[in-house]
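Below is one structure, written out as structure tokens; the observations come after it.
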Amino acid sequence: MQPGTTGTLYGIGIGPGDPELLTLKAARLLRTCPVIFTVISAHVEDSTSETVVRSQHPRGRIVRLVFSMSMNREERCRQVQENARLIAEELGKGQDCAYTTLGDTLSYSTFGSVLPLVREILPDLRVEIVPGITSWSALAARAGQVLAERKERLTIIPSFTKDMAGTLTFEPGTSTILLKTYRTRDLLLQRVQEEQAKDSSLDVLYGENLTQSGEFLSRDPEAIARRPENYLSLMLVRKKAAGTTRN
């Protein structure tokens, strides 16, 4: 790094939480980057992303970025802007920086909100993206469940608003990933059970804390409903095309 130059920003997807699911490139960068940003929610003590980062014995400095989970949009935006400023400040010192995010870097990630703001501050910023394993890929792998094949369609829906449960439709030959179910899980389960009563080919798979301590997988709506709602959770609802057999 030449004096006076801006550092490179590495956006690194670190997968669902198991350090063994890091790519080789992600692991190398985590070990060598001078500054590593990890993400944590307000009022939470432990950061899953930081645990993964520390497993690689990084030589660089770890900086926690707090992201608000408030329903207030203005408060969330202020937090993102402040985090972008902190990242740009380190890059402006000539430091290469890694921004780590669970799952994939550009799929429902805080990195997608931060990156444009950092680029506004540093227009000539160099960025390199390292993709990561998504939560829905991990869910399918843990259960040995096919996500989609042949002409089937895969749909991904962020499902954290309560008004959406009643509008969901599950067409034949589709797999639907319902992400971020921590506020709406029971409503979603109710909707799924209504559809199962009409069509027994519809299958639901629920997962939480995938690849981590406390992992839970189930296809039983009653067993799922007995669980406390969990931030790191999602569902896969699959409806086979007419004339095909279930997995």
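Heavy-atom basis, side chains included; hydrogens, waters and symmetry copies ignored.
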- Task: Would you confirm whether Glu152, through its side chain, and Lys240, through its main-chain N or O, come within 3.5 Å as a donor-acceptor pair?
- Result: no
On a heavy-atom basis, the closest approach of Ser233 and Glu208 is CB-CB, 3.9 Å
* Is there a side-chain contact between Leu117 and Ile87, using heavy atoms and a 4.5 Å cut-off? -> no
| said: Checking the side chain of Arg126 only, and the main-chain atoms of Thr6 only, is there a donor and an acceptor separated by less than 3.5 Å? | reply: yes
Can you confirm whether the side chains of Asp199 and Ser201 place a donor and an acceptor under 3.5 Å from each other? yes
Given the options Leu22, Thr51, Val130, Ile14 meets side-chain contact (heavy atoms from CB on, under 4.5 Å) only with Leu22
Looking only at heavy atoms, the pair that brings Ala225 and Asp186 closest together is CA-OD1, 4.2 Å
Between the side chains of Ser175 and Arg238, does any donor sit under 3.5 Å from an acceptor?
yes
Heavy-atom closest pair (Gly207 atom, Leu217 atom, distance to 0.1 Å) is CA-CD2, 3.8 Å
Residues passing the side-chain contact (heavy atoms from CB on, under 4.5 Å) test with Leu187, sequence neighbours excluded, are Lys162, Ala165, Gln190
>> Just so I know, are the side chains of Leu188 and Leu168 near enough to count as touching, which here means a heavy-atom distance under 4.5 Å?
In response: yes
Stepwise side chain to side chain contact (heavy atoms under 4.5 Å, CB included) check, Leu115 with Leu9: CA-CA 9 Å; Leu115 180 58; Leu9 177 60; 4.1 Å; yes
- Message: Could you walk me through whether Lys93 and Val35 satisfy the side chain to side chain contact (heavy atoms under 4.5 Å, CB included) test, starting with their C-alpha distance in whole Å, then the side-chain angles of each, then the deciding distance to 0.1 Å, before giving a yes or no?
- Response: CA-CA 11 Å; Lys93 297 175 184 176; Val35 181; over 6 Å; no
What do the steps show when you test Arg78 against Glu82 for side chain to side chain contact (heavy atoms under 4.5 Å, CB included), and what is the final call? CA-CA 6 Å; Arg78 283 195 300 270; Glu82 174 60 17; over 6 Å; no
>> For a side chain to side chain contact (heavy atoms under 4.5 Å, CB included) check, start with the C-alpha distance between Glu50 and Ile40, then their side-chain angles and the critical distance, and finish with the verdict.
In response: CA-CA 8 Å; Glu50 186 172 324; Ile40 192 169; over 6 Å; no
To the nearest 0.5 Å, atom CZ of Arg85 lies from atom CD of Glu120 at 15.0 Å
Scanning both residues in full, the closest heavy-atom pair of Arg185 with Tyr206 reads CD-CE1, 3.5 Å
Exercise. Would a 4.5 Å heavy-atom cut-off, applied to side chains only, mark Gln56 and Pro19 as touching?
Worked result: yes
Sorted by chain and residue number, the side-chain contact (heavy atoms from CB on, under 4.5 Å) partners of Pro131 (sequence neighbours excluded) come out as Asp104
So the salt bridge (Lys or Arg N to Asp or Glu O under 4.0 Å) pairs with at least one residue in residues 132-145 (sequence neighbours excluded) are Arg142-Glu215
**Study point:** Step-by-step side-chain hydrogen bond (donor to acceptor under 3.5 Å, both in side chains) determination, Arg153 to Thr174
**Key:** CA-CA 5 Å; Arg153 287 170 290 147; Thr174 63; 5.6 Å; no
Excluding Leu21, membership of its hydrophobic cluster (Ile, Leu, Val, Met, Phe, Trp, Tyr; side-chain heavy atoms within less than 4.5 Å) reads Ile133
Q. Are Val114 and Val80 close enough that some pair of their side-chain heavy atoms sits under 4.5 Å apart?
A. yes
Here the salt bridge (Lys or Arg N to Asp or Glu O under 4.0 Å) pairs for residues 18-28, sequence neighbours left out, are Lys25-Glu128
On a heavy-atom basis, the closest approach of Leu234 and Thr181 is N-OG1, 3.9 Å
Just wondering, do Val127 and Arg119 contact through their side chains at under 4.5 Å, heavy atoms? yes
Output for pair (Glu90 CD, Cys33 SG), nearest 0.5 Å, gives 12.0 Å
Would you confirm whether Gln79, through its side chain, and Leu65, through its main-chain N or O, come within 3.5 Å as a donor-acceptor pair? no
#### Entry: Side-chain touch Leu232/Thr48, heavy atoms, less than 4.5 angstrom
yes
The complete set of ring pair (Phe, Tyr, Trp, His ring centres under 6.0 Å) pairs with one or both residues in residues 90-110, sequence neighbours excluded, reads Tyr99-Phe111
Rounded to the nearest 0.5 angstrom, the OG-CD distance for Ser200 and Glu195 is 12.5 Å
Between Leu30 and Ile36 the two heavy atoms that sit nearest each other are O-CD1, 3.2 Å
Distance col, row Glu171:CD vs Lys239:NZ, nearest 0.5 angstrom, shows 6.5 Å
message = Please check this pair: side chain of Asp96 against backbone of Gly7, looking for a donor-acceptor N/O pair closer than 3.5 Å.
response = no
Rounded to the nearest 0.5 Å, the OG1 atom of Thr110 sits from the CG atom of Asn83 at a distance of 8.5 Å
The reported gap from CZ in Arg191 to OG1 in Thr184 (rounded to nearest 0.5 angstrom) is 13.5 Å
Sub-3.5 Å donor-acceptor pair from the side chain of Thr38 to the main-chain atoms of Ser49, do we have one?
no
